[in-house]
Amino acid sequence: MHHLQHSGEVMSGTSCKANGAVYPASTTVMTTVKKPKMEQIQADHELFLQAFEKPTQIYRFLRTRNLIAPIFLHRTLTFMTHRNTRTNAKRKTFKVDDMLLRVEKMKGEQESHSLSSHLQLTFTGFFHKDEKPSQNSENEQSSVSLEVLLVKVCHKKRKDVSCPVKQVPTGKKQVPLNPDCSNQTKPGSLPSLLVSSNEFEPSNSHMVKSYSLLFRVLRTGRRDMNGLVNGEANENIDVTEVPSRKKRSSAHREDGETTETFVAQMTVFDKNRRLQLLDGEYEVSMQGMEDCPVSKKRATWETILDGKRLPPFETFSQGPTLQFTLRWTGDASDKSTAPVAKPLATRNSDGSSPVESRPSTLKSAPLSVKASVSTDIQMKREQILCEPRQKLRIFYQFLYNNNTRQQTEARDDLHCPWCTLNCRKLYSLLKHLKQSHSRFIFNYVPHPKGARIDVSINECYDGSYVGNPQDIHSQPGFAFSRNGPVKRTAVTHVLVCRPKRTKPSLSEFLESEDGELEQQRTYVSGHNRLYFHSDSCMPLRPQEMDVDSEDERDPEWLREKTATQLDEFTDVNEGEKEVMKLWNLHVMKHGFIADNQMNQASMQFVEKCGAYIARRNLCRNFLLHLVSMHDFNLVSVATIDRAMSRLRHIQEELPDAGADDQADRALMEGACNGTAIACSSGGGGGTKHGKRTKSSVTD
Amino acid sequence: MEEAPEAPVSDPVPALIPTPTPCPASNIPSRSLLEWRKRVKSEYMRLRQLKRFKNAEEVKALFMSNRQKIEERTNLLNEEWSKLRIQSVPLSTPGGALPGKKLCMVEFGFPAFKAQAVAMRPLTTVAGIPFMYSWSPLQQNFMVEDETFLHNIPYMGDEVLEQDEAFLEELIDNYDGVHGDREGGFINDEVFKELVEALSQYSDQEEEEEEEAAEEKGGKEEEEKGVRKSAGEGTEEAKVGPTAFFRRKRRSVIEVRDLAAKKKIPHDKIFTAIASMFPYKGTTEELKEKYKDLLEPPSPVKLPPLCTPNIDGPFAKSVQREQSLHSFHTLFCRRCFKYDCFLHPFHATPNVYKRKSKEIRMETEPCGPDCFLLQKGAKEFADQEMLRSQRPRRRRRQPRPPSSSCPGPSGTTEEAKEVDSDHETTSSSESNSRCQTPTKLCPGEEHGEQVGPPVQWSGAEESLFRVLHGTYYNNFCSIARLISTKTCKQVYEFAVKEVLIHRVPLEDGGSAPQKKKRKHRLWAKIQLKKDNSSNQVYNYQPCDHPDQPCDSSCPCVMTQNFCEKFCQCEHECQNRFPGCRCKTQCNTKQCPCYLAVRECDPDLCMTCGAADHWDSKVVSCKNCSIQRGLKKHLLLAPSNVAGWGTFIKESVQKNELISEYCGELISQDEADRRGRIYDKYMSSFLFNLNNDFVVDATRKGNKIRFANHSVNPNCYAKVVMVNGDHRIGIFAKRAILQGEELFFDYRYSQDDALKYVGIEREVDMA
């Protein structure tokens, strides 16, 4: 037994530690086959843990990354549409003018209600899932006592060392502990408190800086330290419960009798007298009173769990929370007409920003707002769902070497164990598991109490990269270093506009007999690889993808080649050479292919190179070129005329016309001839010792 | 790089062993000869040293300039990148070091020095990529000559060579030699000249001591001039080596009489000494002659015989039309529309005979109040000449006028004089013609108008007139407009003179072309060709057999090629391919072009769209993709199979052109030689084009060269006749999705290609 317990610790240190935070309602069960050789079993178990640890860690990391820098939003996936809380119903009737009306209306209401209204708090319950809701929990205390105080922080007076604080008790209530969410339909039966708005009026003695509500929960109750649970298990499996983690909230333990105090504070009006609490459903994370070091750290919006940084909303799946509905009512019994807070964040929306930044009060607690509207919609939707809204149990059965190694049970919890995504539906959960966690194989097995999911390692997991190929080659570890949006290589494409989808059915997750390998393999077509420049072998970056930079008709070396090749001629004069080079470059650039393009090509040539020809004093050579083209039957006489007149025109328009030009030209002529000699003696090896002659070309 | 490699210093040493001097008088100056030989040796060494130093400097300079180029380019790129919104490669900052960073320690044995430590910054690993030899991008084939010299002995790793030593020997046997072998220990012209010049200083001193001081001084000055000149020529002359043939040919033409007279040739002793040092370079006399040749300085007016002076330059001469246009005519490739193109080694000169006659029309309206047409008799003259010149002129290969084609012994100075005298003769003939001219110009009127100073015609203007006269005939207004410096009246007057002097010999261009009715046997012909030449495809070369129809002796007919628009035969030639008249896409065998495995010719197929929409990528004719370069965007990435692979960016339909397989066009012999090396490397980019040529994409090519072989490919290769050139098109064998790797069967023709494709054999064996 001792051995087993020990290995259980190890296990929770690996796979379960990773998802322990995710798994508040899970039962951690370790199963082993009864065999005498404990060492072997243990070694085997080690292997099992190792096999599952790596993918779990990877998915754990990816989850965090997706929270910080999401690649996609889950709600856009077809099987996750229920996560999308928006409706487009209003779009049809939408008018731009309505926006102004609505804002104005909202403003008026806000002003009016702030004066004459009560603050109504209806408490849904106190949730503390620190321990498992065991079956014998019914025997225990099912409610806690809640005290609500209105804290008035006043302005400092001259003598005061610190701000005077007044605490006005508003009432005590018994609030159900861990109530079942499904029976919360009767709001009338729930405990509620009323805070008169008069309380928020400035008091006489002190100028009140800010008002806040302080919730204090006192909880007394017995606790089963061992918490041994006979969960649903196969007959041949020993069931052992191991405390998955240490209690985090402080507890006075006296023979199983504990009294715990949890507090939370929320600002109603801040020091600028801005209303901070709008109508809505709230869930407040409570703090254990004595947990001082932690609470200090909680003063910021960071949440630290086991030394790891967690997103702020992690606490809601962890710590004790208090749920209540807040309403500003003109009349104590009236239904509110007050503005409804926008659903800023739901419990499971990953990576959303904190609701508000709060001035540092004594103890600030993370807070989230659940808009009643969104819940309504959700409720409606959930009624449509095919799945019965009952306690759904999901048994994750971890298989290794075809043996069940561990079974974990989730009750009414459709969060993905690896990335805490609330899938809300079994189908969505299964689909998500299959799609996002392909390092495992998931097989769905119907179960009378819910579902069993067999989890095993995907041996054929194709590590081939299906993401942005650019990220492979960029420096490792810098995946988040980009600042702002950058262009990515298009890896995925929307292929079909309205694809025909098969009706979602759980049967698709059943273990298939044949072609399983094919199913596991992710086949991606398209540009799922890194390309390289053909000239430099440097990786092709996404923004270079669309231009074929290496397919030019006249690469630089070829342009240079044609020039040097012409320069090599010893019996071609420099004027001819220059015109020939210009023309060659022109032809190479445009890639003319037909005789009947030549007239047009010649005119283009004049337009492009005319100024250069005139400046370099090559007009007559150009004329010779045209006449030669005519001799080859490639251009008409009319083209010669037109080209030459255009050239004369360009020549006249040259900026440095006149005497300056004359001098320039004389200089150019001299230089031209001079350089030609130098060049031909320099480039070709002397006028007479040339490399090539044109006669050798013809003969 | 063509620099003659330096001779190993040890090479001249064997020559030092006293060889029996051929000189019969060797006994006389035995002391002085020995002295001279010593001088020769020391000077030679010095010069070599100098040259080596200079070479090193040049290499350095070149290296630096390349570095600079790279830097410029990098800066340009960086600038460009900084503008784009891109993901920058993050640099790890040295400051923000992790605490656990390793330190690199250097410790000294001496206690005086402190150990130094610096944080280690390991570079991140970068994924490796397949091996690639560098190559140059190309979008059209590039013809290269056979390499009879092996440029380098290929290195394939020590193992390969050890295993197969015979291979290298065999390889070298295939070539005439290895580059650089012969040039060792060889005293080239440049060194020779410098050597003589250096030695002549000794001789000056000696002779000063002895006698005839005065005469030698003049010579010395000359020498010094020569030294300066040769310094300028220096390096370039080293390149001359392989082209010695041309030079010799040229030299026989150009004599250096005048210079020889002026220049003082150094003492014979020098040449004797050199001859004894380097006996294989020739006798004393030969060396002396050679030196004289080398002394000939480059002069601005002296140009090679076929080179006409720049018509836009100050030394433009009055030359014949043929001469003015010679460079343009000979270098222009009528097939590529380029001068000295990369693909066709031989260019046909224009076929003047085939000029479109409709263009020759006479201007009837005077161009202005001073138009020559208003002159009496001018119109008649023009018309008359018109008729004459309209007669078919003998086409090309006209013998060059003797004055220009073979200047013979007359130097350029003389030629310049000749021009002058030309002027004189013209003026004299002009005066003669006044009464005798058949154009019946009234001398009185002429005189009346030419009161002013006689118009001066520069050489360029005269040449230009002759050029234009050949095109525009007697449209003097047009000619004047093009010359722009002369009025039409002046042009007309000049023309009148010209007629008397340079009368173009009129030849009747044979009998009028017989217009045979074309028999529509095209289909049969194509079919016949297909049947006959399953494997025998020969390269096309435009035929040129004047006055003979394309019969069985015509090269086109013999090689079973059609005559193309580039042939010199008549348009009505039986063997010409007429093009198609399709109105559809030309992608079925209904199209004669497609049937004959030809792309539609934009100058023949006027209805299918091959001749339209030059700028657009959308052409109705689907049979002109190669010529238009309508290739697909290809990408390079490591292959899924082996090495590099070619991937396609966008999806393509079946039978669409993917790319042309480009490379160097080499002869079959050359391919054999290269193939031997490629086979050893196990990678070959050789692709058989036809019976004469092979495309080799090893050194030059395009991205399709990386496409791998497969027996179940998605592409196929097809050799298509494209406007007279055989080209290899790679087409889609089926619809291909984006991002797919491209493969084709290297054995597009079972027999030929296999021989050259190393990889293929490798694959078959495996």
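Proteins get letters first, then strands, A, B, ... in listed order; numbering begins at 1 in each.
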Contacting region of Leu464(B) [heavy-atom separation from chain A under 4.5 Å]: side chain

Thr646(B) and Glu741(B): side chain donor to acceptor below 3.5 Å: no

Under 4.5 Å from any heavy atom of chain A - which part of Leu325(B): side chain

Closest-packed option against chain B by number of heavy-atom pairs under 4.5 Å, given Met598(A), Arg553(A), His533(A), Glu556(A): Met598(A)

Most chain B-contacting option - heavy-atom pairs closer than 4.5 Å, from Leu624(A), Val587(A), Leu647(A): Leu624(A)

Residues Lys565(B), Asp603(B): salt bridge by 4.0 Å N-O rule: yes

Most chain A-contacting option - heavy-atom pairs closer than 4.5 Å, from Phe142(B), Phe337(B), Trp135(B): Phe337(B)

Toward chain A, the part of Cys341(B) with a non-hydrogen atom under 4.5 Å: backbone

Lys649(B), part contacting chain A, at a heavy-atom distance under 4.5 Å: both

Interface moiety of Ile593(A) toward chain B, non-hydrogen atoms closer than 4.5 Å: both

Top contributor to chain B interface from Ile640(A), Asn621(A), Val627(A) [non-hydrogen pairs under 4.5 Å]: Asn621(A)

Partner chain A: residue of Val467(B), Leu634(B), Leu138(B), Leu482(B) with the largest heavy-atom pair count (under 4.5 Å): Leu482(B)

Neighbour count >12 (heavy atoms, 6.0 Å) for atom CE, Met538(A): no

Lys561(A) backbone acceptor or donor facing Thr564(A) side chain under 3.5 Å: yes

Donor-acceptor contact below 3.5 Å, side chain Glu576(A) vs main chain Asn573(A): yes

Residue pair Pro555(A) / Pro137(B): nearest heavy atoms and the distance that separates them: CG-O, 3.5 Å

Pair Trp583(A) and Phe332(B), ring centroids less than 6.0 Å apart: no

Cation-aromatic face contact Arg335(B)/Phe566(B), 6.0 Å, 45 degrees: yes

Per-residue contact mode, Gln600(A) against chain B (heavy atom under 4.5 angstrom): side chain

Atom group of Asn596(A) that falls short of 4.5 Å from chain B, counting heavy atoms: both

Ser659(B) side-chain N/O to Ile704(B) backbone N/O, donor-acceptor pair under 3.5 Å: no

Contact class of Leu468(B) relative to chain A, heavy atoms under 4.5 angstrom: side chain

Chain B interface, residue from Thr562(A), Asp535(A), Asp554(A) that has the most non-hydrogen pairs under 4.5 Å: Thr562(A)

